[in-house]
2 protein chains.
Amino acid sequence: MVSNKKVLFKKVPTAYPVIGEHIEVIDTEFDLDAQLADGEFIIKTLVLSVDPYMRGRMRDASAKSYSPAFTLDQPMNGHAVAIVEKSNSSVYKVGDYLYGMGDFVNYAKMSEAEAKARGMEVRPDIPTSGLPITNYVGVLGMPGATAYVGLELVGKPKAGETIYVSAASGAVGQLVGQLAKTQGLRVVGSAGSDEKVAHLKDIGFDAAFNYKTEDTDAKLTEFCPDGVDIYFENVGGAMLETTINHMNLFGRIIACGMISQYNVGNELYGVRNLIQVVAKRLILQGFIVSDHPELDAPFREQVTKALVEGKFKYLDDVVDGIENTPEALIDVLQGKNFGKKAVRVADP
Amino acid sequence: MVSNKKVLFKKVPTAYPVIGEHIEVIDTEFDLDAQLADGEFIIKTLVLSVDPYMRGRMRDASAKSYSPAFTLDQPMNGHAVAIVEKSNSSVYKVGDYLYGMGDFVNYAKMSEAEAKARGMEVRPDIPTSGLPITNYVGVLGMPGATAYVGLELVGKPKAGETIYVSAASGAVGQLVGQLAKTQGLRVVGSAGSDEKVAHLKDIGFDAAFNYKTEDTDAKLTEFCPDGVDIYFENVGGAMLETTINHMNLFGRIIACGMISQYNVGNELYGVRNLIQVVAKRLILQGFIVSDHPELDAPFREQVTKALVEGKFKYLDDVVDGIENTPEALIDVLQGKNFGKKAVRVADP
Ligand SMILES: NC(=O)c1ccc[n+]([C@@H]2O[C@H](COP(=O)([O-])OP(=O)(O)OC[C@H]3O[C@@H](n4cnc5c(N)ncnc54)[C@H](OP(=O)(O)O)[C@@H]3O)[C@@H](O)[C@H]2O)c1
Ligand SMILES: NC(=O)c1ccc[n+]([C@@H]2O[C@H](COP(=O)([O-])OP(=O)(O)OC[C@H]3O[C@@H](n4cnc5c(N)ncnc54)[C@H](OP(=O)(O)O)[C@@H]3O)[C@@H](O)[C@H]2O)c1
């Protein structure tokens, strides 16, 4: 028997989740020597991703949305890298690295059908690329794909244009800026601390500012003298309203997320200047990365290459130990992460 | 000498324009026997269009927008049908019907270059189609083209989908509904009086309601049981917010206009549910009809045919006499028009 910690969803929060009330970590045991039926195998979680959208899954199961609600009293789940520890499957073999939707647990037994339903792919590149495993839930995982899909599908960038990225130092934003630079755009970002702003300049943003200590409107005027052609929207609310005032004709607003609105209950911000969408012929378009698996291959190829060659830089914010998952998630929702937040659960 | 009334822009309004203060009609004289230089000609205005966007042109000239500000103390202008009365031009001949941007005056002398700058086209179909001349500034003019362009370019309708049209009994809305019916959509509309609602049912809308006496949210639930795939947005503000709640996944919001926001000064309505744009992968896209002359030909062909064959019905709200132009415009801005508002200035 080995210890098997589980991160359970306990209660639907109305504002920020609270540890012990809405999320709880329990300690259970797992039998590594259990019998495996034909096709069954055991995985050990290596890295877990905590992401803003998980807040949306902490809802009443009767409310429909693009990703399923977490089940009360059951482990939460998300993108993870795991390794096959034991196996009675010819598809998932001992030592294989898997990427897909994993429960927030140390160990799990799985059938091939379940693994398929969770999108578990064998990823031989993970142990061989030389990149940190955390990269595979960040810059090379779902958040990275989000940057790529949003930019290509909605942004349609053209060299010489200006892009503004909010929450720019986060999991998605860091890559958005660097992808946009490779396409010849002027890249401007904002983030919530001077440290984050310094990082943005470090990874190639042309200009960046701290939206908590500076006036966004004034900084957009200063840093985007030719206006904003593409706004990569991670924040929503007042940030969206202010940015609309700076959009150029035929500008595109990539509606990726609106994190400022996730934990405010009914105190949602009212955006008052949508009339500019008509006069400026703007497009505001939402997307969900998982709708676009067709872009996975080109995304992975471009970004893996750039990372291996040292052309892209990407900051992870890693915490050790599955028991720290609840705090890691709340940190992301409160903007306390500095880079892509990930939980290192175990070494291979 | 003949009488030549002119409708002048006098002052920038902050809310609804007031006759005598912001718009004034003056009486001047015009010499029909004046010498005409080579290429010059004289037009007589037959029909003038008054449209909501003119409110946006009653602004300080320093504020840039898609259509130029009116010039203080000069005649306002807009889409018009005129006839050539005298001519020293081989392009614009006596008796020719013209459609283009005309000054709000009875008579004007023009050069070929000026006519070209105003988009004045000779339209031999106007006197021969058998359709009322007012149709050429309405269902077959700029508002009609707006319905067509918005639906094709942004709406991308598919048979079986549901479209909701606000300000549905107006110049644009009437045609939107009928075009959508030809494409096999379920068509739902709203308007500001029971008389307007009855007209919508008369012209083939599947369902319609009076948004002033009924609850929009409840009516959308009732009339769009499968949700809204396309929202043709003419109104903005609270109407937009309510409709977003009814949008289906991958829905399109055709941002054509937001008339509820044109005369409220700084009291703009804040839309609080834009977060649904992400989760539902919505597109909110603005457009301006004049960007899309390439759609003029197919639009005119389809709609002329449908009108001549009696398949489309379209209500004009015609007032006689150029001196009534200011009131006609204010009526449109206040929702007092019933159908496409046009001013009949003279008979051919
Ligand atoms: N559409 C999709 O398929 C998809 C997929 C993944 C992510 N997303 C969205 O993309 C956005 C970025 O996600 P991410 O994974 O890259 O997260 P992240 O940026 O790594 O972390 C969240 C960041 O949001 C910022 N933030 C801004 N306003 C905030 C507020 N009012 N409260 C708390 N934090 C605030 C914080 O940074 P500052 O210090 O700079 O404020 C925080 O660090 C989110 O909106 C997310 O929901 C969408
Ligand atoms: N994007 C473009 O290129 C383009 C081109 C032409 C027109 N447009 C826009 O399309 C929309 C419809 O134009 P239209 O020419 O067809 O006008 P219209 O519908 O013939 O007349 C305006 C109508 O708007 C309605 N309305 C709704 N809320 C209102 C409010 N708060 N105050 C006053 N009226 C209100 C009124 O009808 P109810 O009684 O039903 O309220 C009124 O009759 C407008 O927003 C216009 O700006 C855009």
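Side chains included, hydrogens not; waters and symmetry mates left out as well; all remaining heavy atoms used.
- One finds the CG atom of A/L274 at 5.5 Å from the CG atom of B/L274 (value rounded to the nearest 0.5 Å).
- Summarising the geometry, atom CD1 belonging to A/I283 is positioned 7.0 Å from atom CD1 belonging to B/I283; distances are rounded to the nearest 0.5 Å.
- For B/L240, the part sitting under 4.5 Å from any heavy atom of chain A is the side chain, from C-beta outward, and nothing else.
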Which side chain or backbone donor-acceptor pairs connect chain A with chain B at less than 3.5 Å?
{"residue": "A/V271", "atom": "N", "partner": "B/V271", "partner atom": "O", "Å": "2.9"}
{"residue": "A/V271", "atom": "O", "partner": "B/V271", "partner atom": "N", "Å": "2.9"}
{"residue": "A/R281", "atom": "NE", "partner": "B/D291", "partner atom": "OD2", "Å": "2.7"}
{"residue": "A/R281", "atom": "NH2", "partner": "B/D291", "partner atom": "OD1", "Å": "2.9"}
{"residue": "A/R281", "atom": "NH2", "partner": "B/D291", "partner atom": "OD2", "Å": "3.2"}
{"residue": "A/L282", "atom": "O", "partner": "B/G286", "partner atom": "N", "Å": "2.9"}
{"residue": "A/L284", "atom": "N", "partner": "B/L284", "partner atom": "O", "Å": "2.8"}
{"residue": "A/L284", "atom": "O", "partner": "B/L284", "partner atom": "N", "Å": "2.8"}
{"residue": "A/G286", "atom": "N", "partner": "B/L282", "partner atom": "O", "Å": "2.9"}
{"residue": "A/D291", "atom": "OD1", "partner": "B/R281", "partner atom": "NH2", "Å": "3.0"}
{"residue": "A/D291", "atom": "OD2", "partner": "B/R281", "partner atom": "NE", "Å": "2.7"}
{"residue": "A/D291", "atom": "OD2", "partner": "B/R281", "partner atom": "NH2", "Å": "3.3"}

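- For the atom pair CG of B/L282 and CG of A/L284, the computed distance is 8.5 Å after rounding to the nearest 0.5 Å.
- When all heavy atoms of B/A255 and A/V277 are compared, the closest pair comes out as CB-CG1, 3.9 Å.
- Here A/G286 is the residue among A/G56, A/G286, A/G257 with the most heavy-atom pairs under 4.5 Å with chain B.
- In this structure, the side chains of B/V278 and A/I288 come closer than 4.5 Å at one or more pairs of heavy atoms.
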